[in-house]
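Data first, discussion second: the structure below is written as structure tokens.
Keep in mind that what you see is a predicted model, and the values were worked out from it rather than measured. Counting from 1, the numbers follow the sequence of the chain as shown.
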Amino acid sequence: MPISDEKNFAIIEENGTVYIAISQVLTMQCKFHIIMFPFDIQNCTLEAASWMFYPDKVDVSYSNNIDMTAFHPNSEWDLISIFARKDTDSDERRNATWGSVYYDIIIQRKPIYYLLTFVLPCFMITSINIVGIFSPYNDAGDREEKVTMGLSTLLNMTVILTLIADKMPKSSEGMPLLGTYILLQIGIAAVTSLNAVIIIYHSRKWNFGKPIPTWILMVTQLNLQEHHSHRSETKTADDLTECYKLESTNENVNYALANVTNKQIIILTEIQFSSALALKYGMPLVRTESLRKQLMRKGKWEEFKAANLASRVSGGQTVIDYEDFYYNGIIQLGTPPQNFSVQLDTGSSNLWIPDKTNTQAICAKKAKFDSSKSSTYVANGQSFSIQYGSGPASGFLGQDKLCLGDSLICFNTQVFAQATNVGKFFCDNDGFNGILGLGWPSISVDHVTPPMQNLLPTLDMPLFTVWLDRKGAVVQSAGLFTYGGLDTVHCSAQVNYVPLVAETYWEFAFTGVSHGSYSQTYNWRAISDTGTSFFGGAKPVIDAIANNTGAVFSSQDGVYVLPCSGSATAPPIVFTIGGMPYSIPAFEYIEPMSVGSSQCYLTFFTIGGGGFGVNWIFGDPFIRTYCNIYHIGGQKIGFALANH
């Protein structure tokens with residue numbers, strides 16, 4: 001056989017057999033099986049044989065002592081082994097056979113890149129999602145974060161699968177292991193989202209008294225307690241001298257909060273909370289006569305207004321109340337807790353309580369906060385000053401644990417004001433000790449975070465509902481503030497929400513007012529204010545309503561007066577909010593000057609913007625007719641017909 005010009009070495013035996021080794025560079029193509037990608041092991045076989053001569057002319061031999069010194073490692077593959085073998089191939093058509101040598105090269109893919117880039121992130125995301133499936137659902141409220149989690153995971157998995165599709169070898173054999181893994185994650189995320197949607201849907205139905213299917217309860221392990229009505233009872237202090245703790249069943253706990261005022265009132269309240277410790281708490285209210293009504297009854301309203309206007313000074317931020325604080329509830333400060341009756345005011349955002357260092361003689365009977373008796377108190381030292389329509393309050397800031405009533409709705413580091421000096425009105429009024437502002441952070445004096453914003457993570461829903469009763473005397477159980485949920489007992493199931501105009505006061509837009517034959521449309525802005533016992537509004541509209549009812553303005557009392565007999569024929573006032581009508585009956589905007597009086601007045605006063613950019617204030621007459629739902633999380637306010 002011919003020998004090339006290259007240097008080759010041959011062995012020639014005496015019988016004429018020639019052994020020759022010729023160096024060759026061979027390129028081969030392997031068929032990859034990617035079902036186990038990226039943990040796949042591939043077998044590439046290299047075949048060497050004589051394609052011209054039969055074995056009797058030319059034979060091939062092999063050795064498993066393979067020299068690996070020329071092997072260059074690869075960053076994607078590991079060489080596992082090389083094994084040589086010899087076999088005989090045949091051609092039946094030519095009745096011929098020849099010898100072939102096969103080199104089986106076993107290689108394994110290095111999976112670390114895929115593990116760190118795809119598998120581990122997917123595992124972490126999906127694990128969180130799986131935990132989300134089995135995390136407890138609350139027994140009231142919307143838990144949209146579970147849907148958001150599922151949708152986010154779906155998006156992440158889809159993006160990752162797209163990246164993997166670009167990295168994976170192309171094959172029609174089937175789905176690689178890694179692709180199957182990602183599809184499984186997408187399936188889990190989809191199931192999670194669907195699960196959350198179903199639970200939220202049935203949770204909303206349950207909030208309105210509709211039963212949840214048994215299979216939902218079994219699958220999700222929900223333990224929903226029945227709705228209980230909030231109860232109040234009046235007893236004497238001789239009958240009851242301590243708080244009674246009512247029955248505790250699973251995770252629905254009833255607490256009794258005793259607040260004995262003039263040996264008359266003890267209030268029983270209820271807390272509902274789920275296994276996730278998201279709470280819902282109904283705080284009963286005590287009504288105290290507003291300053292406006294007290295002074296009107298004594299004929300000193302105009303005198304007070306003149307003196308108060310002259311005494312106002314700069315230095316504190318003015319908030320809106322118009323001398324009409326009305327409804328009080330119980331809070332606790334410190335460890336052990338110190339109880340205080342506070343006015344619940346959506347028109348301001350600060351919490352303040354008289355401090356033990358307050359030496360004003362007129363405030364001697366007030367309950368005062370004693371920081372030395374609290375183990376959790378932290379001094380702040382910053383000065384504080386706020387100006388209300390009914391007077392100022394000033395002192396310094398401190399920090400301590402705050403709880404709503406005798407409940408588990410608490411925040412351990414609430415900053416509040418310790419008042420060392422307060423206006424005469426606050427000291428004269430025995431019905432309360434301080435003010436709990438429920439407004440937005442933007443109107444908080446000294447940029448102190450309002451209590452409601454701090455308490456939001458504890459609540460079942462990021463809102464509170466206000467229902468005001470219209471019955472009874474001056475001091476009584478007068479309504480309910482429901483923190484963390486809807487009041488399904490006292491408010492109708494239909495809630496109509498409108499967006500807030502601004503996150504300052506609870507400010508919203510409305511477009512129409514009508515009263516009998518009178519009708520007016522305009523783009524007004526109003527605030528819902530539990531601290532105002534009247535409607536405040538535009539003078540032309542209020543003058544028209546007064547004219548329709550035959551009321552005449554009394555400069556002495558600062559109100560429109562009319563015979564009480566006129567309320568029998570007076571039409572309702574209808575406000576158009578969010579395109580829907582809200583009707584206020586005559587008995588809500590016409591009240592007697594005093595018990596048994598034949599002379600009545602309209603619960604309206606005129607404002608000219610008030611320095612806060614609104615045209616109207618919707619106070620207690622509106623809130624008594626329609627429950628107000630203050631949705632902090634949704635930056636909106638809702639209205640539902642009140643049950644009385």
Side-chain angles (χ1 to χ4, degrees), residues 24-49 62-87 100-135 145-196:
Q24 299 285 334
V25 177
L26 303 178
T27 302
M28 62 179 176
Q29 292 183 345
C30 298
K31 180 180 179 181
F32 278 16
H33 302 279
I34 64 169
I35 295 301
M36 296 302 294
F37 174 85
F39 304 100
D40 49 325
I41 298 176
Q42 305 294 341
N43 183 358
C44 292
T45 301
L46 172 65
E47 180 182 2
Y62 69 94
S63 173
N64 276 315
N65 295 322
I66 301 171
D67 184 7
M68 299 296 296
T69 57
F71 174 72
H72 296 284
N74 186 278
S75 62
E76 186 173 359
W77 296 94
D78 277 329
L79 178 63
I80 304 301
S81 66
I82 300 179
F83 179 77
R85 56 188 170 86
K86 183 177 180 181
D87 202 354
S100 299
V101 172
Y102 298 92
Y103 287 90
D104 295 320
I105 304 173
I106 309 300
I107 57 176
Q108 182 177 21
R109 193 186 304 270
K110 297 178 180 179
I112 187 66
Y113 167 78
Y114 301 95
L115 288 175
L116 296 180
T117 308
F118 301 117
V119 176
L120 183 59
C122 291
F123 175 78
M124 296 172 61
I125 295 173
T126 308
S127 297
I128 295 173
N129 213 259
I130 293 176
V131 171
I133 293 178
F134 295 102
S135 64
E145 67 270 18
K146 294 200 173 191
V147 177
T148 303
M149 181 190 298
L151 294 178
S152 299
T153 305
L154 280 173
L155 179 60
N156 290 336
M157 294 298 104
T158 302
V159 172
I160 292 175
L161 184 59
T162 302
L163 295 174
I164 291 176
D166 184 59
K167 295 288 184 181
M168 284 191 300
K170 307 301 185 290
S171 174
S172 299
E173 289 184 342
M175 176 65 70
L177 179 63
L178 185 55
T180 304
Y181 173 78
I182 301 301
L183 284 180
L184 178 62
Q185 316 311 310
I186 293 177
I188 292 175
V191 170
T192 303
S193 298
L194 179 61
N195 176 66

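To the nearest 0.5 angstrom, Leu79 atom CG is 13.0 Å from His72 atom NE2. Note that OG1 of Thr45 is 12.5 Å distant from OH of Tyr103, once rounded to the nearest 0.5 Å. The distance from the CD atom of Gln108 to the CG atom of Asp40 is 8.5 Å, given to the nearest 0.5 Å. To the nearest 0.5 Å, atom SG of residue Cys44 and atom CD1 of residue Ile105 are 6.5 Å apart. The CD atom of Glu76 sits 13.5 Å away from the CD1 atom of Ile112 when rounded to the nearest 0.5 Å.
Residues Asp87 and Tyr102 share a closest heavy-atom pair of CB-CE1, 3.6 Å. When all heavy atoms of Pro111 and Pro38 are compared, the pair lying nearest together is CB-O, 3.6 Å.
Checking side-chain atoms of Asp78 against main-chain N and O of Ile80 turns up no donor-acceptor pair under 3.5 Å. Side-chain N or O atoms of Gln42 include one that pairs as donor or acceptor with a backbone N or O of His33 at under 3.5 Å.
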Could you walk me through whether Lys110 and Trp77 pass side chain to side chain contact (heavy atoms under 4.5 Å, CB included), step by step?
CA-CA 5 Å; Lys110 297 178 180 179; Trp77 296 94; 5.9 Å; no

For Leu115 and Phe39: C-alpha separation, side-chain torsions, deciding distance, then whether side chain to side chain contact (heavy atoms under 4.5 Å, CB included) applies.
CA-CA 10 Å; Leu115 288 175; Phe39 304 100; 3.6 Å; yes

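The stretch residues 115-126 participates, sequence neighbours left out, in no salt bridge (charged side-chain N to carboxylate O under 4.0 Å, His left out) pair at all.
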